[in-house]
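Working notes, structure below.
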Number of protein chains: 2
Amino acid sequence: MTQWLDEAQQQHWRAWLAANTLLLDAFSRDLQEAHGLTMADYEILVRLSESADWRMRMSDLAEATLSSRSRLSHQIDRMERAGFVERVACTDDKRGYFAVLTDAGWDILVAAAPCHVMSVRERIVDVLTPEEFAALGNASKRLLDHMGADPA
Amino acid sequence: MTQWLDEAQQQHWRAWLAANTLLLDAFSRDLQEAHGLTMADYEILVRLSESADWRMRMSDLAEATLSSRSRLSHQIDRMERAGFVERVACTDDKRGYFAVLTDAGWDILVAAAPCHVMSVRERIVDVLTPEEFAALGNASKRLLDHMGADPA
DNA sequence: CTCGGAAAGTTGGAGTTTCAACTAACTGCG
DNA sequence: CGCAGTTAGTTGAAACTCCAACTTTCCGAG
């Protein structure tokens, strides 16, 4: 016998789902309109910029951005065409490649970051009380843990 | 001067983002493996099944599922091909169409629902304390309100 | 050394989403 | 009435994602 959700649970669940969709849409739209970037582009730029030598192995980057290898590979194709990253062969492991941030990639990240942070603030951080926001973050962290995901 | 996020805020934000991605992936995968449905399919089936006469105007359905008209149109194409819905011309407004749930659509929804609810429980509802889950839902609701979204 | 399996990454095609352009029908104002 | 502007919905192409198959290289046991 299925244990259905009660009315309140149903509402929480749907709110969570709807908020995700609308927020993610909004962030993408903001980034897109202002700088022609997608969320995926942006996350890759961020990860690379935070890495030593502005570079990361394809697999590590895929894992960090919660993306499949295949998806990342196509994604890096596009970003390479756009001039934001370069592929550099890894000499230690000849199967491997690094995705390396270019100056152009850095520049667009620097240009886009303030506007992205702004929209995260406007739509989430500053909308909630600090307690509510922390609760949202902590609940998310618990859910991640339960799935065995690294919180990094 | 950009007001960056502090360390804790950064972590909450990233946790939220990661949890969304992983959870949504997981729900899709569960539905896909068990019944060959996508989340989008499932939500449409749910909405239609909850509507009078198992039918909804295309625009209303698009709005309810937070999808663009174009996306919904393609989506309904596929579901019509699969036999889960039908398009029925609207006689009042000759521009309009109803998406109507078929018996086959109802059947697959009935088959898929328990397994979907199960996975929502397993991955969210039963993972958190009732307080944490409520906090997640309420925060989401607040964010929706702030975006002017109807909580229905 | 060498061979089988695992890991890194890419590829192509099919499926999905987005965007802009389009048709057809409705609405209301002069 | 009659036509300008809106609304409903579709379409096709381009962008993106997913999946399965593939190549190359690495690793470890014998």
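Naming convention: chains lettered A, B, ... in sequence-line order (proteins, then strands); numbering from 1 in each chain.
Legend: residues meeting side chain to side chain donor-acceptor pair (under 3.5 Å) with B:Arg57, ordered by chain and number and at least two apart, are absent. In this view, B:Pro130 satisfies the side-chain contact (heavy atoms from CB on, under 4.5 Å) rule with no residue, not counting sequence neighbours. Remark: B:Trp106 engages B:Trp54 in a ring pair (Phe, Tyr, Trp, His ring centres under 6.0 Å) (not counting sequence neighbours). Applying the side chain to side chain donor-acceptor pair (under 3.5 Å) criterion to B:Asp30, with sequence neighbours excluded, gives B:Ser119, B:Arg123. Evaluation of the ring pair (Phe, Tyr, Trp, His ring centres under 6.0 Å) rule for A:Phe133 yields B:His12 as partners, not counting sequence neighbours.
One interatomic measurement links the two molecules: CG of B:Leu61 to P of D:dA8, which rounds to 14 Å at whole-angstrom precision. Taking atom CE on B:Met39 and atom P on D:dC18, their separation rounds to 14 Å, with Å as the unit. Straight-line distance from the CG atom of A:Leu24 to the P atom of D:dT17: 12 Å, rounded to whole Å. Across the protein-nucleic acid pair, A:Tyr97 atom OH and D:dC26 atom P stand 12 Å apart, rounded to whole Å. In this entry the distance linking CG of A:Asp25 with C1' of C:dT18 reads 11 Å, nearest Å. If you take CD of A:Glu63 and P of C:dG9, they are 12 Å apart, rounded to a whole angstrom. Here the P atom of nucleotide D:dC16 and the CZ atom of A:Arg69 are 22 Å apart, to the nearest Å.
For B:Arg71 (side chain) and B:Arg69 (main-chain N/O), no donor-acceptor pair under 3.5 Å exists by modelled atom type. At distances below 3.5 Å, at least one donor-acceptor pair connects side-chain atoms of A:Arg142 with backbone N or O atoms of B:Val127.
A single hydrophobic cluster is not seen to contain both B:Ile44 and B:Val100; linkage of ILVMFWY side chains at heavy-atom distances under 4.5 Å, directly or through other members, places them apart.
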Tabulate below the donor-acceptor pairs under 3.5 Å that side-chain atoms of residues 83-93 of chain B make, not counting sequence neighbours, or state none.
{"from": "B:Arg87", "atom 1": "NE", "to": "B:Glu80", "atom 2": "OE1", "distance (Å)": "3.2"}
{"from": "B:Arg87", "atom 1": "NH2", "to": "B:Asp77", "atom 2": "OD1", "distance (Å)": "2.1"}
{"from": "B:Asp93", "atom 1": "OD1", "to": "B:Arg95", "atom 2": "N", "distance (Å)": "3.0"}
{"from": "B:Asp93", "atom 1": "OD1", "to": "B:Arg95", "atom 2": "NE", "distance (Å)": "3.1"}
{"from": "B:Asp93", "atom 1": "OD2", "to": "B:Arg95", "atom 2": "NH2", "distance (Å)": "2.8"}

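Residue pairs meeting the ring-ring contact (aromatic ring centres under 6.0 Å, His included) criterion with at least one partner in residues 23-50 of chain A, sequence neighbours excluded, are A:Phe27-B:Trp13, A:Tyr42-A:His116.
Non-hydrogen atoms lying under 4.0 Å from DNA chain C are contributed by nothing in residues 28-38 of chain B. Scanning residues 83-95 of chain B for heavy-atom distances under 4.0 Å to DNA chain C yields B:Asp92, B:Asp93, B:Lys94, B:Arg95. Within residues 71-80 of chain A, the residues that place at least one heavy atom under 4.0 Å from DNA chain D are, in residue-number order, A:Arg71, A:His74, A:Gln75, A:Arg78.
Under 4.0 Å is where a charged nitrogen must lie from a carboxylate oxygen, and between A:Glu7 and A:Arg14 no such pair does.
B:Glu132 CD: more than 12 foreign heavy atoms inside a 6.0 Å radius.
Counting Ile, Leu, Val, Met, Phe, Trp and Tyr side chains that sit under 4.5 Å apart, directly or through other members, B:Met118 stands alone, with no cluster partners.
For D:dT11, its base sits under 3.5 Å from the side chain of B:Ser70 at one donor and acceptor pair at least.
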Per-residue pairing states of DNA chain C in dot-bracket (Watson-Crick or G-U under 3.5 Å; . unpaired, | other strand) read ||||||||||||||||||||||||||||||
